[in-house]
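We number each residue from 1, following the sequence as shown. For ligands, and for the atoms within them, numbers begin at 1 and follow the listed sequence.
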Amino acid sequence: MRVPIVAGNWKMYKSAQEAADFITALLPKLTPLEGVERVVCPAYIALPAVSTALQGTPIKVGAQNVHWKTEGAFTSDVSAPMLKGLVEYVIVGHSEVRQYHGDTDARVNERAKAALAHGLKPIIAVGETVDTYRAGGTEAYVGAQIRACFEGIPQEALANIVVAYEPIWAIGTGLTPTVEEANTIIKKAIRDVLAELYGADAAQQMRIQYGGSVKPDNMKAFMQQPDIDGALVGGASLKVDDFVTLVTLAQEAKR
Ligand code: PGA
């Protein structure tokens, strides 16, 4: 049985103070919702405040990216050893990082390996453009992303990895694939490809999230799909009650 995981990607929202205030409001509502792994991913600047506020609670913290090197002349970047102790998870390969910072699958693979090498758990994000979607190329495209992003990652590491399927055209747009389409891609392009690479048992245990315009009114339907193990949420994770509702819906659907 895979434990569902709902992660809030706060993107470039909330100062350290706003993040701390948000946690104060969120914590009492989110704490009782057992059976779902709950993660918040603030901007780097807010990580120390959020990490301190969540110490000793069941709510976990994630970063939004990590550099592939341990240290060096990389102005503006943050390495895995720097994040260690502050976060348990780190998102790699988010489409906004791919788009605005030029990340390729090879780079995402390097970032994931760096995270793993320092005991952090990568949430590896993949997903197709609208053109690929319209052309019917999603399955092949996402399958190739998975192969490239997992290159050289050993099977022992899989328990510490989460995959997020996020169609680029669904992020922040209010558009989504149908829940059946999302489940099919997650099954065929992600779980089945992981089964080819690591064996059926390992693939069966992998947690795979859907992301892209997840809201309280569509969450239940996504969570009722058998291969969707949670959600990576942007906009709706910025509001306390919406995020609590999303986690509640995941809890109910996966009970
Ligand atoms: P959204 O973002 O929920 O606002 O569409 C999802 C994401 O970027 O992870």
Side-chain angles (χ1 to χ4, degrees), residues 4-14 18-19 22 26 30 36-44 46-47 50 60-66 87-103 105 108 111-112 115 121-130 132-133 138 142 145-146 149 161-179 181-183 185-186 190 207-223 225 228-250:
I5 175 167
V6 178
N9 170 15
W10 293 359
K11 310 193 181 192
M12 200 171 70
Y13 293 99
K14 299 192 192 299
E18 288 164 348
F22 187 84
L26 182 70
L30 208 53
V36 179
E37 203 170 354
R38 293 141 281 174
V39 186
V40 291
C41 305
Y44 285 136
L47 286 178
V50 169
K60 311 223 169 121
V61 187
Q64 296 175 15
N65 201 5
V66 63
V87 307
E88 181 167 332
Y89 284 94
V90 57
I91 302 167
V92 296
H94 191 281
S95 70
E96 286 150 16
V97 180
R98 292 174 185 262
Q99 183 180 352
Y100 301 121
H101 300 276
D103 263 25
D105 289 328
V108 175
R111 293 187 194 275
K121 299 175 178 172
I123 298 173
I124 300 178
V126 295
E128 80 287 1
T129 62
V130 73
T132 301
Y133 175 75
T138 301
V142 172
Q145 283 187 309
I146 291 295
C149 291
I161 302 175
V162 173
V163 176
Y165 168 54
E166 299 204 303
I168 297 170
W169 52 273
I171 294 175
T173 57
L175 304 172
T176 66
T178 68
V179 297
E181 278 177 310
N183 192 75
I185 293 304
I186 285 174
I190 302 178
R207 292 184 298 172
I208 308 173
Q209 301 170 307
Y210 168 77
S213 295
V214 171
K215 307 282 178 219
D217 64 3
N218 60 22
M219 180 71 169
K220 181 176 175 187
F222 279 114
M223 291 307 108
Q225 291 295 312
I228 303 182
D229 304 316
L232 181 57
V233 188
S237 75
L238 297 169
K239 298 188 196 120
V240 169
D241 288 337
D242 281 1
F243 194 59
V244 169
T245 301
L246 297 180
V247 174
T248 304
L249 292 168

Protein heavy-atom partner closest to [atom] - residue, atom, separation in Å:
atom	result
atom 4 (O) of ligand 1	Gly235 N, 2.8 Å
atom 9 (O) of ligand 1	Glu166 OE2, 2.6 Å
atom 3 (O) of ligand 1	Gly234 N, 2.8 Å

Please confirm whether [X] comes under 4.0 Å of ligand 1, counting heavy atoms of the residue only.
X	value
Gly212	yes
Lys11	yes
Ser213	yes

> At under 4.0 Å between heavy atoms, which part of Ile171 makes contact with ligand 1: side chain, backbone, both or neither?
Replying inline: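 It is both backbone and side chain that touch ligand 1.
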If the cut-off is 4.0 Å to any non-hydrogen atom of [X], which atoms of ligand 1 fall inside it?
X	value
Leu232	9 (O)
His94	7 (C), 8 (O), 9 (O)
Asn9	8 (O), 9 (O)

[X] [atom1] to [Y] [atom2] distance, which is reported to the nearest 0.5 Å:
X	Y	atom1	atom2	value
Ile124	Ile208	CD1	CD1	11.0 Å
Arg98	Thr129	CZ	OG1	12.0 Å
Met12	Glu96	CE	CD	10.5 Å
Leu30	Thr248	CG	OG1	8.0 Å
Phe243	Phe22	CZ	CZ	7.5 Å
Ser237	Lys11	OG	NZ	8.5 Å

> Looking at ligand 1, does any of its N/O atoms fall within less than 3.5 Å of an N/O of Val233?
Replying inline: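 No.
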>> Is it the case that over 12 heavy atoms from other parts of the model lie below 6.0 angstrom from the OH atom of Tyr13?
In response: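 No.
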>> I'd like to know whether Glu181 forms a side chain to side chain contact (heavy atoms under 4.5 Å, CB included) with Tyr133, so could you lay out the CA-CA distance, the side-chain angles of the two residues, the decisive distance to 0.1 Å, and finally the verdict.
In response: CA-CA 11 Å; Glu181 278 177 310; Tyr133 175 75; 2.8 Å; yes
